[in-house]
Amino acid sequence: MALREMGLMEINWSKGCRAKLPLSRVRFTHHLDHPMVLWQVTNTSRALVDQFTRKSKSLYTFLILCCRVGNFRVEPPALFRGRGEHPKMGKLKKRIWPSDITINIGKGAPIPECPIPGQRWKEIRHDNTVTWLAFWNDPINPKEFKYVFLAASSSLKGQSDKEKYEKARLLKDYIQGIRAAYTKDFASKDVTKRQIAVATYLIDKLALRAGNEKDDDEADTVGCCTLKVENVEPLPPNILKFDFLGKDSIRYQNEVEVEPPVFKAIQQFRTGKSGGDDLFDELDTSKLNAHLKELMPGLTAKVFRTYNASITLDEMLSRETKGGDVAEKVVVYQHANKEGILNGLKTDLARSKKGKPPLKGADGKPRKNLNPDALERKIVQTTAKVEKMERDKETKEDLKTVALGTSKINYLDPRITVAWCKRHEVPIEKIFNKSLLAKFTWAMDIDPSFRF
DNA sequence: CCCCCGGACTCAGAAAAATAGAT
DNA sequence: TATCTATTTTTCTGAGTCCGGGG
């Protein structure tokens with residue numbers, strides 16, 4: 001085994017996919033009842049590999065799943081920053097030791113060697129109902145956990161990703177009824193019903209997040225259910241002016257025209273309250289989601305974001321794509337992608353006013369021995385560059401505010417893109433980079449006629 | 001029934017690293 | 001070609017969502 005000599009091993013798995021993996025980064029486990037090869041795990045003993053490979057030759061050669069591990073390093077000590085005005089900012093995040101870490105492996109699987117001599121793992125578990133490989137308590141908030149999961153490219157993650165989009169597609173069959181129902185309830189006599197209706201409307205139309213309650217030791221941010229009176233100002237006749245800090249303390253500012261009954265309902269929810277009071281005092285996320293589940297199996301608030309982003313992309317692509325060469329079609333795609341987000345996920349576009357990154361090389365200190373002429377040319381060039389930057393700044397700022405990457409990764413059903421590429425003979429590599437390609441393997445064999 | 005909270009997972013932007021492009 | 005710069009990709013880990021179980 002030459003590869004073994006080199007410290008590598010080659011693994012064949014289901015579709016003939018092969019990977020040469022450095023032995024030092026391979027670990028074997030029985031996880032979720034599947035024998036698996038995990039890679040990018042450090043410090044595996046040679047003996048362990050030998051033991052497993054002997055076993056696998058007879059039993060498991062064709063059953064082994066080969067998965068990349070997502071995060072395989074513990075978080076190093078640091079000063080905690082957090083996002084926005086975080087109450088715990090500046091707190092020391094202490095070092096994590098093996099004795100802090102609980103490991104999840106198959107029953108009977110060899111226990112991974114503890115990398116620090118004389119120490120041991122906190123606990124070994126054999127739980128095949130969860131996907132995590134290991135966890136430790138977050139030193140900043142000991143009530144919370146940090147997990148080691150498989151990478152996004154794993155079949156396990158792919159499967160749940162697919163399920164997420166299938167659920168969003170199911171919403172397609174219900175959305176008309178749901179919209180009709182909440183529109184009717186804008187004027188319901190029952191306050192709770194009215195609040196549920198308006199909240200659902202905001203989540204659907206503005207892609208607001210559900211908005212769980214937060215503790216006092218977290219940054220003070222809100223979502224739909226936790227909106228405060230001061231966050232939504234009614235401007236007659238029917239404009240709502242939103243201004244609040246959402247996820248990651250990103251400021252959401254938006255003025256939207258709404259249906260008169262919604263406007264009226266908001267005004268009424270505000271009456272008799274002060275600025276810091278809850279706008280939806282009868283609501284929280286569990287009540288809202290419980291209601292949504294009555295309308296469609298498995299429906300929760302976040303499904304609306306996936307649904308609206310994906311359906312918009314699908315519609316725009318089919319509407320906007322005409323003839324042209326590959327490059328033109330790619331432009332159509334990028335445009336559809338961007339517009340889709342502008343329409344659907346406006347939420348994250350309004351950014352907090354952060355300081356711009358400082359201009360590099362602004363000190364202008366020459367590092368080389370330049371003669372005066374060269375120096376002057378340099379100065380002229382630099383000045384021109386600065387001017388160009390000034391001119392481009394606005395355009396760039398515009399593009400930067402579009403969370404393109406995020407939505408491509410999290411909200412747009414990849415099958416829409418793959419099918420469109422097939423229909424229009426655009427190589428998928430023009431749209432998805434290497435990691436997106438790996439993450440969306442499950443979507444690659446979709447029929448060209450697929451529509452979301 | 002409701003509420004609280006532990007638990008496990010998705011989603012998110014900043015920073016770092018890699019790569020492409022300009023000079 | 002070498003080097004510097006701009007852009008893209010990857011990593012990192014914080015911040016949400018949502019579920020389910022117990023009181």
Side-chain angles (χ1 to χ4, degrees), chain A residues 40 68 70-76 78 80-84 86 88-89 93 96 102 104 127 129-133 135-153 156-157 160-161 163-165 167 203 208-215 218-226 245-250 284-290 292-293 298-306 309 345 347-348 351-352 354-355 357 359-361 367-368 377-378 381-382 385 388-389 392 396 399-401 403-411 432-439:
Chain A
Q40 288 194 345
R68 220 182 232 276
N71 52 327
F72 53 90
R73 278 188 262 258
V74 291
E75 297 169 18
F80 179 80
R81 170 59 181 86
R83 313 254 162 92
H86 201 294
K88 298 199 172 183
M89 131 172 39
K93 186 166 80 169
I96 302 300
T102 300
N104 189 26
D127 186 349
T129 68
V130 295
T131 70
W132 55 266
L133 307 175
F135 84 88
W136 65 90
N137 287 93
D138 179 7
I140 293 298
N141 192 344
K143 296 269 147 253
E144 290 174 4
F145 317 93
K146 298 286 196 173
Y147 295 92
V148 172
F149 288 124
L150 293 176
S153 54
L156 200 92
K157 294 284 192 190
S160 69
D161 208 26
E163 283 163 9
K164 174 181 79 182
Y165 289 113
K167 190 188 275 184
I203 285 167
L208 298 194
R209 293 188 180 79
N212 284 299
E213 312 284 338
K214 297 194 76 183
D215 284 345
E218 297 175 280
D220 192 13
T221 63
V222 301
C224 184
C225 292
T226 42
L245 294 182
K247 183 174 180 181
D248 294 314
S249 292
I250 289 172
D284 62 41
T285 52
S286 64
K287 282 176 193 155
L288 180 66
N289 282 334
L292 292 177
K293 278 199 171 49
L299 184 62
T300 62
K302 81 197 255 296
V303 181
F304 284 91
R305 298 189 125 218
T306 314
L345 300 178
T347 318
D348 301 320
R351 302 298 200 79
S352 55
K354 297 250 180 74
L359 291 177
K360 283 173 196 167
R367 269 155 294 174
K368 294 174 201 160
R377 274 209 307 280
K378 189 94 182 165
Q381 275 177 2
T382 310
K385 205 173 273 177
K388 186 180 186 303
M389 282 174 86
D392 288 352
K396 273 197 164 178
L399 286 170
K400 268 169 83 176
T401 56
L404 269 181
T406 296
S407 72
K408 224 179 192 177
I409 292 171
N410 297 313
Y411 293 113
F432 288 158
N433 63 33
K434 199 176 131 229
S435 51
L436 250 26
L437 241 28
K439 176 180 161 117

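Excluded from the calculations below are hydrogen atoms, water molecules and symmetry mates; all remaining heavy atoms, backbone and side chain alike, are included. Lettering of chains follows the sequences in order, A, B, ..., and the numbering in each one begins at 1.
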Listed partners of [X] passing side-chain hydrogen bond (donor to acceptor under 3.5 Å, both in side chains), at least two apart:
| X | answer |
| --- | --- |
| A/Asn71 | none |
| A/Glu75 | A/Lys93, A/Lys146 |
| A/Asn137 | none |
| A/Ser286 | A/Asp284 |

Classify every nucleotide of nucleotides 18-23 of chain C by which part a protein heavy atom approaches to under 4.0 Å, writing B for the base, S for the sugar-phosphate alone and - for neither, in 5'-to-3' order. BS----
Bracket string, DNA chain C, 5' to 3' - pairs by Watson-Crick or G-U geometry under 3.5 Å, | interstrand: .||||||||||||||||||||||
With a 4.0 Å cut-off on heavy atoms, is [X] in touch with a base, just the backbone sugar-phosphate, or nothing at all?
| X | answer |
| --- | --- |
| A/Ser286 | nothing |
| A/Gly211 | sugar-phosphate |
| A/Lys88 | nothing |

Can you check the [X] [atom1] to [N] [atom2] distance for me, whole Å?
| X | N | atom1 | atom2 | answer |
| --- | --- | --- | --- | --- |
| A/Lys408 | C/dT10 | NZ | P | 12 Å |
| A/Asn104 | B/dA8 | CG | P | 9 Å |
| A/Asn433 | C/dT9 | CG | P | 5 Å |
| A/Leu208 | C/dT17 | CG | C1' | 15 Å |
| A/Ile96 | C/dC12 | CD1 | C1' | 15 Å |
| A/Lys164 | B/dT10 | NZ | C1' | 7 Å |
| A/Phe432 | C/dT8 | CZ | C1' | 16 Å |
| A/Arg209 | B/dA12 | CZ | P | 5 Å |

Considering only heavy atoms from C-beta outward, does the side chain of [X] approach that of [Y] to under 4.5 Å?
| X | Y | value |
| --- | --- | --- |
| A/Thr226 | A/Lys214 | no |
| A/Phe304 | A/Leu299 | yes |
| A/Leu133 | A/Leu150 | yes |

Using every non-hydrogen atom in the two residues, find where [X] and [Y] come nearest and quote the distance to one decimal.
| X | Y | result |
| --- | --- | --- |
| A/Tyr147 | A/Phe135 | CD2-CB, 3.7 Å |
| A/Cys225 | A/Gly211 | CB-O, 3.5 Å |
| A/Trp136 | A/Arg73 | CH2-O, 4.2 Å |

Protein N or O to nucleotides 13-15 of chain C N or O, pairs below 3.5 Å:
unit_1	atom_1	unit_2	atom_2	d
C/dT13	O3'	A/Lys146	NZ	3.4
C/dG14	OP1	A/Lys93	NZ	2.9
C/dG14	OP2	A/Lys146	NZ	2.5
C/dA15	OP1	A/Arg83	N	2.6
C/dA15	O4'	A/Asp248	OD1	3.4

Is the distance from OP1 or OP2 of B/dC11 to the nearest side-chain N or O of A/Arg305 less than 4.0 Å? no
Using a cut-off of strictly less than 4.0 Å, decide whether A/Thr131 has a side-chain nitrogen or oxygen near OP1 or OP2 of B/dA8. no
For A/Asp138, salt bridge (Lys or Arg N to Asp or Glu O under 4.0 Å) partners two or more places apart: none
Those residues that, when tested against A/Asp161, pass salt bridge (Lys or Arg N to Asp or Glu O under 4.0 Å) (two or more places apart): A/Lys164
Listed partners of A/Lys88 passing side chain to side chain contact (heavy atoms under 4.5 Å, CB included), at least two apart: A/Phe80, A/His86, A/Lys91, A/Ile140, A/Asn141, A/Asp217
Just jot down the side chain to side chain contact (heavy atoms under 4.5 Å, CB included) partners of A/Thr300, sequence neighbours excluded, or say none.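 A/Thr300 satisfies side chain to side chain contact (heavy atoms under 4.5 Å, CB included) with A/Asn289, A/Lys293, A/Lys302, A/Val303 only.
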Using heavy-atom distances to pick each residue's nearest nucleotide on DNA chain B, tell me which of A/Tyr165 and A/Phe135 is more 5'. A/Phe135
Between the protein and nucleotides 2-7 of chain B, list every N/O to N/O distance that falls short of 3.5 Å.
none

